[in-house]
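These notes concern the structure reproduced below.
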Amino acid sequence: MSETPQPLRARAEIDLGALRANVRALRARVAPHAQVMAVVKADAYGHGAVPCARAALEAGATWLGTATPHEALALRAAGIDAPLLCWLWTPGDPWRQGIEAGLDMSVSGRWALDEVIGAARESGGTARVQLKADTGLGRNGCPPADWPRLVGEALKAQADGLVRITGIWSHLACADEPGHPSIAAQLEAFQEMLGHAERAGAEPEVRHLANSPATLTLPETYFDLVRTGVAMYGISPSPEIGTPADFGLRPVMRLSGSVALVKRAPAGHGVSYGHHYVTSRDTTLALVPLGYADGVPRHASGRGPVLVGGRVRTVAGRVAMDQFVVDLEGDELEPGAEAVLFGPGDEGEPTAEDWARAADTIAYEIVTRVGSRVPRVYRNA
């Protein structure tokens, strides 16, 4: 949705002005050494991939990043032609379409290189590939023992005109834990694996290692490009390294709902499934029409904070699929009043980090899980 004044059951307001400001702040942090890749995987962490990709590019990001090829191809279908890396491929994925769309496609093993080469032969084009090194995360990426073979075979395919090695990259495991020994170990491993590839003849356009926490705290990891995901949306990767404000960032999403019902309840009245909450006195209850189908964590039942009626209150009882209840403690409120689950915090509302603590998770998950039936309303578009 674009900007709209009409009342809604629920809405996730996305401040594209804040997103642009965040991208500019991140650019300033890494300049002049590195470019910024705006990561818009998972529908831009729940914020809307196409509007956020466009806003990030307007603010000076030079690359985009997605996880799946289908996410990347959707951006191309929307007319976005910026350099675009896609890194989570599985056998049988649309490699040929990726070549024809000019995607940079990550390769972590021989099977992927074989599929890229086959698609290049079939299409008659040259595939842009970025070789990913596993420097210690233990997830995707080519391990050091297999790296010389993968690099050698990629260079042979490049000599045959089938691929172009456009990047060498890796991903950090513990950049959000200051001083963790794996950081220095991974940086050393990346430098060694990068050095091997370059000595063998690779001439990558970009070399990159830094994710959001590394972008904020580890300049030695910048290389040519930093991949900013959650930081771009104004969320700190970890409370241990600082708040968004500490880094000049502002949260982009504000999640709210319209109160659907207010009613009196006597003392001793059970609330929601299982009666895990029972009123301690005569009170008023407000029904908020958002539930776990909309992304409100059920695990935050009895703990999630909500700004309603001018005060921050707590979810009363279990979060249900479509709704939850707040005890107004006798306060009166009209149906249609706004209940704010999280936002930047400017008006005393909770933040995504507050909900993360309530649900024993991370703020990444809080914003990413906001469901598709919650309309996105874009401000400063």
Side-chain angles (χ1 to χ4, degrees), residues 8-15 18 45-47 230 233-240 242-245 249-262 265 271-274 276-281 283-371 374:
L8 297 168
R9 172 190 70 89
R11 61 199 293 156
E13 295 179 58
I14 311 300
D15 185 351
Y45 291 58
H47 294 68
V230 77
Y233 306 102
I235 295 173
S236 173
S238 169
E240 286 73 25
T243 67
L249 305 173
R250 178 177 172 79
V252 172
M253 182 187 291
R254 182 180 186 272
L255 178 64
S256 63
S258 296
V259 171
L261 177 69
V262 179
V271 175
S272 196
Y273 292 125
H276 292 272
Y277 183 85
V278 177
T279 58
S280 60
R281 60 179 181 175
T283 190
T284 45
L285 302 175
L287 184 68
V288 180
L290 282 154
Y292 58 77
D294 302 294
V296 180
R298 187 174 182 272
H299 198 54
S301 295
R303 295 189 288 174
V306 186
L307 177 64
V308 60
R311 291 173 51 194
V312 175
R313 308 170 195 266
T314 303
V315 173
R318 281 186 178 164
V319 174
M321 183 179 291
D322 313 299
Q323 55 200 282
F324 65 84
V325 175
V326 173
D327 189 339
L328 298 178
E329 300 178 309
D331 293 347
E332 296 295 336
L333 196 67
E334 290 297 318
E338 185 179 51
V340 184
L341 282 73
F342 61 81
D346 297 343
E347 300 170 354
E349 78 274 17
T351 65
E353 183 58 42
D354 293 325
W355 271 86
R357 284 194 292 269
D360 295 325
T361 186
I362 56 176
Y364 297 67
E365 182 179 352
I366 298 301
V367 293
T368 302
R369 68 184 295 154
V370 175
V374 177

Within this structure, what is the [atom1]-[atom2] distance for the pair [X] and [Y], rounded to the nearest 0.5 Å?
| X | Y | atom1 | atom2 | value |
| --- | --- | --- | --- | --- |
| Arg250 | Ile235 | CZ | CD1 | 13.0 Å |
| Ile362 | Ser236 | CD1 | OG | 11.0 Å |
| Arg298 | Tyr292 | CZ | OH | 6.5 Å |
| Arg311 | Glu329 | CZ | CD | 4.5 Å |

Could you tell me which non-hydrogen atom of [X] sits nearest to which non-hydrogen atom of [Y], and how far apart they are?
| X | Y | value |
| --- | --- | --- |
| Ala320 | Tyr273 | CB-CE1, 4.0 Å |
| Val374 | Ala12 | CG1-N, 3.7 Å |
| Leu341 | Trp355 | O-NE1, 2.8 Å |
| Pro251 | Ala18 | O-CB, 4.3 Å |
| Ser258 | Leu8 | OG-O, 2.8 Å |
| Gly234 | Leu249 | CA-CB, 4.1 Å |

task: Decide yes or no for Val340 and Arg254: does some side-chain heavy atom of the first lie under 4.5 Å from some side-chain heavy atom of the second?
output: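 They are in contact (side-chain heavy atoms under 4.5 Å apart), so the answer is yes.
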message: I want to check something: taking the side chain as every heavy atom from C-beta on, are Glu349 and Pro344 in contact at a cut-off of under 4.5 Å?
response: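 Yes, side chains in contact.
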State which residues pass salt bridge (Lys or Arg N to Asp or Glu O under 4.0 Å) with [X]; sequence neighbours excluded, sorted by chain then number.
| X | result |
| --- | --- |
| Glu334 | none |
| Glu240 | none |
| Arg303 | Asp360 |
| Arg357 | Glu353, Asp354 |

message: Quick one, Val367 with Phe342, criterion side-chain contact (heavy atoms from CB on, under 4.5 Å). Give me CA distance, side-chain angles, the key distance, then yes/no.
response: CA-CA 10 Å; Val367 293; Phe342 61 81; 4.0 Å; yes
Suppose we screen for side-chain hydrogen bond (donor to acceptor under 3.5 Å, both in side chains). Which residues come up paired with [X], at least two apart in sequence or across chains?
| X | result |
| --- | --- |
| Glu347 | none |
| Ser256 | Glu338 |
| Asp294 | Arg9, Arg373 |
| Thr283 | Asp327 |

query: Is there a side-chain contact (heavy atoms from CB on, under 4.5 Å) between Val370 and Met253 once you walk through the steps?
result: CA-CA 10 Å; Val370 175; Met253 182 187 291; 4.0 Å; yes
Can you check whether [Y]'s main-chain N or O pairs, donor with acceptor, with [X]'s side chain at less than 3.5 Å?
| X | Y | result |
| --- | --- | --- |
| Thr284 | Asp331 | yes |
| Arg313 | Leu328 | yes |
| Ser301 | Val319 | yes |

Excluding sequence neighbours, so at least two apart, what forms side chain to side chain contact (heavy atoms under 4.5 Å, CB included) with [X]?
| X | result |
| --- | --- |
| Arg369 | Pro297, Glu365 |
| Val278 | none |
| Ala260 | Leu287, Pro289 |

message: Run the ring pair (Phe, Tyr, Trp, His ring centres under 6.0 Å) test against Tyr233 and tell me which residues pass, sequence neighbours left out.
response: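 By the ring pair (Phe, Tyr, Trp, His ring centres under 6.0 Å) rule, Tyr233 matches Tyr45, His47.
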